[in-house]
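Some notes on the structure that comes next.
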Amino acid sequence: MSAYPFAEIEKKWQRIWDEKKLFQTDISDADNKLYVLVMFPYPSGDRLHIGHWYNFGPTDTWARYKRMLGYNVFEPFGYDAFGLPAENYAIKMGVHPADSTAENIKKFREQMKAIGAMYDFSKEVNTSDPEYYKWTQWFFLMLFKNGLAYRKKAPVNWCPSCETVLANEQVHDGHCERCDTEVTKKDLAQWFFKITDYAEKLLEGHDRVNWPEKTITMQKNWIGRSEGAQINFTVADSQDTIQVFTTRPDTLWGVTYMVLAPEHPLVEKLVTDEQRKAVNDYVEQSRRVSDIDRTSTERVKTGVFLGAYAINPVNSEQVPIWIADYVLLTYGTGCVMAVPAHDTRDFAFATKYDLPIREVISPNGQPSGELQEAFTNVGVMINSGIFNGTRSDEGIGKVIAHLAEKGIGESKINYKLRDWLISRQRYWGAPIPVVYCDKCGIVALKEDDLPVLLPRDVVFKKGGESPLKSNPNFLNTTCPDCGGPAKREVDTMDTFVCSSWYYLRYPNHNLKTAAFDKETVNKWLPVDQYIGGAEHATMHLLYARFFTKVLYDLGFINFDEPFKNLFHQGVITREGNKMSKSRGNVVSPDKFIVDYGSDTFRMYMMFMGNYADGGDWSDDGIVGIDRFTNRVWRLMEMLQENPPSGNESEKSKELERVRHYTTKMVTNDLDRFNFNTAISRLMEMVNTIYSYVQDVPSNEQNKLVVSDAAETLLLLLAPFAPHLAEELWARTGHGDSIFNASWPIFDDMKTMKNTYQCVVQINGKVRANIEMEFDQPDVIVLETVLADERVIRHVDGKQILKKIVVKNKLVNLVVK
RNA sequence: GCGAGAGUGGCGGAACUGGCAGACGCGCUAGACUUAGGAUCUAGUACCUCCGGGUGUGGGGGUUCGACUCCCCCCUCUCGCACCA
């Protein structure tokens with residue numbers, strides 16, 4: 001008997017699959033289509049890491065299973081090839097990003113083939129290819145034409161290390177999502193996509209997708225819809241009005257001061273001469289405070305009086321206007337009406353600066369005297385003019401109606417979601433297809449002018465300006481409208497723009513005339529199963545939905561959600577810790593592929609734990625799977641050397657039952673991505689076949705049952721260990737690929753034993769196990785149970801108070 | 001601080017709508033085969049035990065004939081959000 005020669009066999013089948021184009025999907029045939037997609041990776045110079053494998057391996061297992069079920073599976077692969085690492089590498093090592101990226105992709109592809117996945121490599125996409133980014137630019141123009149792309153000057157997030165601006169989503173806890181450097185603010189004119197126009201549609205669509213609840217919640221929180229009112233306060237002795245957004249218009253009579261964000265444009269206008277110095281100092285100081293500090297809830301609130309007063313529109317009271325950095329310019333109107341009695345933040349501020357606190361919502365309708373803290377619950381309105389006595393939750397709507405009638409306010413829905421900042425001051429991205437003309441201003445290029453090619457010749461240097469500016473041939477151009485001299489936009493697009501539509505490109509990756517073919521994508525999309533990390537919840541997954549919805553609204557496609565089903569694989573840890581370069585605990589797959597082969601490696605990853613939870617890597621654990629694959633190999637060898645030739649029917653019954661039972665369990669487990677338990681079931685099946693073959697001489701072994709079990713085993717194993725199963729399939733005389741064979745079916749009746757072990761409990765404690773026929777009347781069951789000597793021992797001399805019989809399962813006797 | 005999820009042998013992890021806790025694997029113990037074993041095969045393996053049994057799913061209470069599973073309180077860990085007016 002031999003050891004499984006995985007190295008040679010894996011290579012052999014990868015070659016044959018490739019030659020036979022076994023996994024090239026026929027896109028023209030969309031009947032029974034199944035689009036299975038993994039989030040495409042950035043092709044870094046490092047080798048494939050364990051996270052890649054953990055995303056790709058199990059997904060491929062699932063895709064192969066679906067193929068065997070008869071689906072026309074499309075499992076494409078590509079490269080999210082634009083991005084900072086290549087450019088940083090160019091600065092450091094002098095290698096052009098185009099060259100290093102091409103090199104990396106080549107290496108990546110080789111490694112990807114070693115996984116032995118079912119990818120249709122003939123339909124690869126590469127976002128840095130002009131044939132691809134031409135269409136990324138087309139998307140920009142499409143959004144621009146429809147008023148969904150605009151340029152504006154704004155204080156934006158700036159990463160000093162990456163030397164570029166970042167979208168809000170890319171700032172985590174005030175730090176750069178990519179390099180963890182603390183993010184600062186910069187005033188820059190930048191391009192934005194108007195994703196806020198789609199806030200409502202992005203929320204609505206959540207009901208129509210099968211996504212992890214947690215991811216949907218994250219998107220909902222990120223979009224942050226809140227209902228309330230917009231109310232106008234006039235400024236005393238001035239023409240100016242201050243608009244505020246509030247979710248509590250019912251507390252309007254409790255306003256004792258107003259607060260503007262320090263950066264608010266009105267600050268400069270409203271500040272009085274006496275207060276000017278104090279205000280300027282404060283504004284200056286708050287600019288220096290980082291966002292993390294500024295948004296820390298623990299921080300003591302600070303602020304300065306502007307010197308001006310606002311007039312409360314409902315009672316004409318004059319209230320002082322302050323500025324304070326706990327008010328954010330970017331949310332709502334950048335101004336708040338402060339109601340210290342009913343808002344914890346305003347309460348803290350008012351207490352500190354000795355501002356009046358006026359109760360207008362009371363728990364019982366009576367004044368409560370001096371408040372010790374803000375009362376934020378529902379209560380009864382008091383000190384509120386005509387609304388006195390109204391329940392505060394009902395008051396919200398009534399006050400809004402009242403304000404609307406008087407023309408001083410209206411109902412309003414606000415979102416936390418901000419527009420998506422897409423410009424980046426970097427080279428290695430898709431150029432934004434716009435020019436600046438002295439005469440015509442901002443001019444978008446015509447579709448015929450695309451692609452705007454990235455020039456090869458630029459100076460890579462640090463400094464916070466796009467390297468594209470260094471190439472005069474690129475920079476200087478002519479205006480497509482007037483033909484006069486113009487300068488090109490030198491910023492490039494956020495790589496999330498490239499990845500917002502790649503799933504549309506795969507089915508028609510070669511199309512020259514458009515980004516995608518309407519008919520093709522309408523047939524093949526939405527993606528049936530999308531699998532990737534949870535970290536993209538509020539970035540890629542939100543942007544891609546936005547793109548899809550825009551295309552739908554403009555009539556390009558007939559679906560408005562790109563990913564029907566979404567699954568997030570968990571994270572692999574090492575001794576309970578997250579793997580990271582800085583911890584130095586990263587497990588490289590390479591050594592294990594060499595020692596055990598890719599089938600064993602991928603199967604061990606699936607066996608470690610539940611796919612959604614991830615698992616803890618152990619160098620020792622993989623030997624269990626290695627033994628298993630070898631055990632399968634030896635078992636099949638044994639059956640070939642000593643073929644069963646009898647028709648024994650006693651012991652084979654259990655083997656037959658296990659064959660059906662395993663099929664049922666593995667099928668159910670695969671449907672739910674429960675790879676770990678599916679593999680356990682396969683191990684049990686192998687153990688059962690083994691025992692049978694060892695217990696019964698080959699000339700008695702039931703030839704039909706054994707060959708059915710062995711064949712079923714290979715079919716069930718195929719998605720998990722594709723190379724091994726394919727080889728054994730060929731060795732057992734099959735001419736065609738196992739992946740053209742059908743998934744085995746099971747007979748539910750045959751998964752069950754003839755008898756069951758009836759559990760007998762006495763006072764809830766298990767005292768006996770009695771073998772029993774199914775479906776017997778309770779009386780008979782009890783009779784049998786009470787006759788058992790182990791039961792008698794515990795019941796003797798006692799009174800039976802209660803007899804509980806759970807059919808075909810258990811008996812519980814309550815005795816005293 | 002708020003929200004969500006989790007806590008099970010020496011280890012990774014199983015357990016469907018409440019019904020034999022610990023499937024499967026690692027490790028460990030003993031045996032078989034071997035010149036050899038880091039190969040393979042067989043058996044055992046939660047803990048305690050006076051061998052009758054007793055105790056066990058983070059801790060404490062509760063519901064139930066019966067709780068890893070449901071309810072309440074507390075502890076720990078992970079993730080997400082974090083002055084959003």
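In what follows, every chain begins at residue 1, and chains take the letters A, B, ... in the order their sequences are listed.
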Practice prompt. Give the dot-bracket string for RNA chain B, reading 5' to 3', where a pair is Watson-Crick or G-U wobble with both distances under 3.5 Å, ( ) marks pairs inside the strand, [ ] marks pairs crossing earlier ones, | marks a partner on another strand, and . marks unpaired.
Written response: (((((((..(((......[....)))((((((.......))))))(((....)))..(((((..]....))))))))))))....
Item to complete: Classify the ring geometry between Phe601(A) and Trp617(A) as parallel (under 30°), tilted (30 to 60°) or perpendicular (over 60°).
Response: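 Phe601(A) vs Trp617(A) ring planes: tilted.
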Discussion item. For Val781(A), is there any backbone N or O sitting under 3.5 Å from a side-chain donor or acceptor partner on Gln776(A)?
Written reply: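 Pair absent, no side-chain N/O of Gln776(A) close to backbone of Val781(A).
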Checking all strands, does [X] fall into the base, sugar-phosphate, or nothing category for heavy-atom contacts under 4.0 angstrom?
X: Glu213(A); result: nothing
X: Val327(A); result: base
X: Asn414(A); result: nothing
X: Ser226(A); result: sugar-phosphate
X: Asn221(A); result: nothing
X: Asn687(A); result: sugar-phosphate
X: Ser618(A); result: nothing

Fill in: Contacting residues from residues 667-682 of chain A, given that a heavy atom lies under 4.0 angstrom of RNA chain B
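Close to the strand are Asn676(A), Thr677(A), Ser680(A), Arg681(A).
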Test of ring centre spacing under 6.0 Å for [X] and [Y]:
X: Tyr353(A); Y: Tyr257(A); answer: no
X: Tyr604(A); Y: Tyr596(A); answer: no
X: Tyr611(A); Y: Phe567(A); answer: yes

Worksheet entry | Quiz item: Lys803(A) side-chain donor-acceptor pair to C65(B) base, under 3.5 Å |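 No.
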Item to complete: Identify which one of Leu655(A), Val658(A), Asn687(A) satisfies the side chain to side chain contact (heavy atoms under 4.5 Å, CB included) criterion when paired with Tyr692(A).
Response: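 Looking at Leu655(A), Val658(A), Asn687(A), the match for Tyr692(A) under the side chain to side chain contact (heavy atoms under 4.5 Å, CB included) is Leu655(A).
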Worksheet item: What's the closest nucleotide to the Gln761(A) side chain, out of G19(B), U42(B), C24(B)?
Response: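 Nucleotide nearest to Gln761(A)'s side chain: G19(B).
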Item to complete: Take atom NZ of Lys352(A) as the centre, draw a 6.0 Å sphere, and report whether it contains more than 12 heavy atoms from other residues, nucleotides or ligands.
Response: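 Atom NZ in Lys352(A) is packed in, count exceeds 12.
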Discussion item. Pairing donors with acceptors under 3.5 angstrom, does anything connect the side chains of Gln243(A) and Thr333(A)?
Written reply: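 No - no donor-acceptor pair under 3.5 Å links their side chains.
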Worksheet item: Less than 4.0 Å between a side-chain N and a carboxylate O, is that true for Glu637(A) and Arg634(A)?
Response: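 Result for this pair is no, no salt bridge flagged.
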Practice prompt. Report the residue (Ile625(A) or Tyr415(A)) whose heavy-atom-nearest nucleotide on RNA chain B is the more 5′ of the two.
Written response: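 It is Ile625(A) whose nearest nucleotide is closer to the 5' end.
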Discussion item. Return whichever of Asp616(A) or Lys802(A) has its heavy-atom-nearest nucleotide of RNA chain B closer to the 5' end.
Written reply: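 Mapping each residue to its closest nucleotide by heavy atoms, the 5'-most match is Asp616(A).
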